[in-house]
Amino acid sequence: MTEPLTEESLDERLDGAEAALEEAETESDLDDVSATLVSIGDDLEEADLPEPEADEDEDEEEAEDPRERLESRLSDLQDDLESQRGPYSEDVIEGIEEAGTTIDETRWTETGEAELVAPVEAFIERENEILGTDLGLDGEEPASLVTTLESAAAAVGDASLDPDEDEEEIAALLDAVEELQAGIEDAEEWDDLTTREKLAAHGFYDVLDHRKDYPPEWHAIKVYEKRGEAEPILLALDQLGSEFMERHCIESLTRMGAVEALDVMTQRANKRDKPAITALGKIGSDDSVEMLTEYAASDGDPKLQLVTLKALGEIGSEEATQAVADRLTSENPEVRSAAARSLGLIGDTRAISPLSDVLEDDDADSVRASAAWALNQIGTEDALEAVEPYADDRAFLVQSEARKVA
């Protein structure tokens with residue numbers, strides 16, 4: 001007859017499993033214990049165990065739950081079982097592969113690359129001693145060290161180490177893997193350097209024969225701007241964290257109209273960064289037009305509209321004409337004026353009619369003057385004819401623009 005699944009019977013079986021675990025010497029012994037624990041777990045799920053009962057001086061919440069106690073004991077034995085397993089050659093292989101991945105995916109300094117050689121070489125020598133292999137370094141560059149470790153991992157797999165018979169060899173290899181990983185961790189990474197050390201490693205300061213300005217990075221940026229070299233300035237912009245240096249980097253790139261800065265300025269402009277938008281105008285790439293036309297319609301931020309309209313005018317793409325012309329009806333006279341001047345820079349003849357309407361009807365003379373200027377910039381016969389009648393206008397600025405036609 002099947003023994004009833006009681007709390008007492010399950011405790012007895014757990015006692016037996018615990019004793020067997022203490023006496024286990026081989027992986028086979030541990031497998032047997034594992035099977036026993038699985039069986040006990042299955043029976044524990046099926047067992048009809050009593051509900052917790054509180055003593056007279058206990059609350060119901062404090063009463064011991066037989067099922068919970070047995071499950072906890074089973075879990076502890078399973079943990080003890082796993083801790084007694086191994087070590088396995090698979091653990092060694094995994095550790096070697098992790099070391100190789102670290103070398104491959106980390107950016108090292110020149111010093112760090114040199115420091116990687118010693119721990120890899122020491123590991124290979126130790127593995128050769130343990131396994132009787134004859135491995136050697138494939139080279140001293142990081143990629144070659146990774147290849148060397150791949151060969152070392154393959155050699156461990158080929159050795160077919162048994163967790164019982166070769167326990168000492170596996171343990172020794174695991175110790176060697178730990179030393180390998182520690183040595184790699186101690187090697188100098190690029191991220192270990194200070195900002196100035198990183199810039200120096202790139203040769204950023206090589207243009208300085210003296211340190212005229214403080215900080216020296218500012219002086220270097222001026223030199224690179226004069227030379228028309230954008231990449232070192234972009235490097236400084238990426239590495240230097242101060243607002244002071246960031247502003248000077250962007251101003252230099254803007255004055256240069258550096259095409260190399262397009263991607264970086266676009267990323268910043270995507271966050272509505274006004275200096276970056278100004279830079280995009282100077283760079284003059286049509287790639288920026290779609291994004292900037294969206295900003296031109298941002299009624300809630302007139303300052304953003306002003307800098308965007310100017311940038312669109314400097315880029316000069318006729319794709320922006322309609323979006324800019326729509327700003328001629330803005331409630332803000334500064335925005336209307338900026339839109340008019342932007343249309344003049346773009347030079348699209350489709351803007352002649354709306355600019356003529358502004359010149360005739362706008363309430364602000366400053367806006368009318370900008371429209372007159374824009375028509376002169378477009379410069380076609382129709383555009384100049386629209387300006388010419390205003391030579392005697394009430395506003396001096398409008399007069400000045402109209403008289404340019406003659």
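One-based numbering along the sequence shown.
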Within the side chain of [X], is there an N or O that forms a donor-acceptor pair under 3.5 Å with the backbone of [Y]?
X: S400; Y: F396; result: yes
X: R67; Y: L44; result: yes
X: S330; Y: R327; result: no
X: W373; Y: E401; result: no
X: Y295; Y: N270; result: yes
X: S356; Y: I352; result: yes

* **Polar side chain donor-acceptor pair, T109 to E188, under 3.5 angstrom** => yes

* **Distance-only polar pair, side chains of T6 and S9, donor-acceptor under 3.5 Å** => yes

* **Stepwise side-chain contact (heavy atoms from CB on, under 4.5 Å) check, L234 with L253** => CA-CA 8 Å; L234 287 167; L253 293 166; 3.7 Å; yes

Taking all atoms of both residues into account, what is the closest heavy-atom pair of [X] and [Y], and its distance?
X: P50; Y: E7; answer: CG-OE1, 4.5 Å
X: E331; Y: R336; answer: O-NH1, 3.4 Å
X: G41; Y: L74; answer: CA-CD2, 3.6 Å
X: S252; Y: I221; answer: OG-CG2, 3.3 Å
X: R196; Y: E217; answer: NE-OE2, 2.7 Å
X: P275; Y: T254; answer: O-OG1, 4.3 Å

Just so I know, are the side chains of [X] and [Y] near enough to count as touching, which here means a heavy-atom distance under 4.5 Å?
X: L199; Y: L240; result: yes
X: V367; Y: V358; result: yes
X: E229; Y: I233; result: no

How long is the straight-line distance from [atom2] of [Y] back to [atom1] of [X], given to the nearest 0.5 Å?
X: L173; Y: E127; atom1: CG; atom2: CD; answer: 6.0 Å
X: E246; Y: D238; atom1: CD; atom2: CG; answer: 11.0 Å
X: I283; Y: L262; atom1: CD1; atom2: CG; answer: 5.5 Å
X: Q377; Y: R341; atom1: CD; atom2: CZ; answer: 8.5 Å

Strictly below 4.0 Å, N to O, side chains only: are [X] and [Y] in salt-bridge contact?
X: D11; Y: R69; value: yes
X: D76; Y: R73; value: no
X: K271; Y: D273; value: no

* Asked: Should D287 and T266 be marked as a side-chain contact (heavy atoms from CB on, under 4.5 Å) after you check the CA-CA gap, both sets of side-chain angles, and the distance that decides it?
  -> CA-CA 9 Å; D287 293 345; T266 299; over 6 Å; no

* Asked: After noting the C-alpha distance and the side-chain angles of D301 and R272, does the key distance pass the salt bridge (Lys or Arg N to Asp or Glu O under 4.0 Å) rule?
  -> CA-CA 10 Å; D301 189 349; R272 305 196 172 203; 5.9 Å; no

[X] atom [atom1]: more than 12 heavy-atom contacts under 6.0 Å:
X: E260; atom1: CD; result: yes
X: E334; atom1: CD; result: no
X: D134; atom1: CG; result: no
X: E140; atom1: CD; result: no

* Among L131, T133, V177, I130, side chain to side chain contact (heavy atoms under 4.5 Å, CB included) partner for V156 -> L131

* Anything under 30° is parallel, anything over 60° is perpendicular, the rest tilted; go ahead and classify Y224 against F204. => tilted

* Aromatic plane relationship, W190 with H202 - under 30° parallel, 30 to 60° tilted, over 60° perpendicular -> perpendicular

* Asked: Between R13 and S39, does a side-chain contact (heavy atoms from CB on, under 4.5 Å) hold up when you go through it step by step?
  -> CA-CA 10 Å; R13 292 169 64 188; S39 175; 3.2 Å; yes

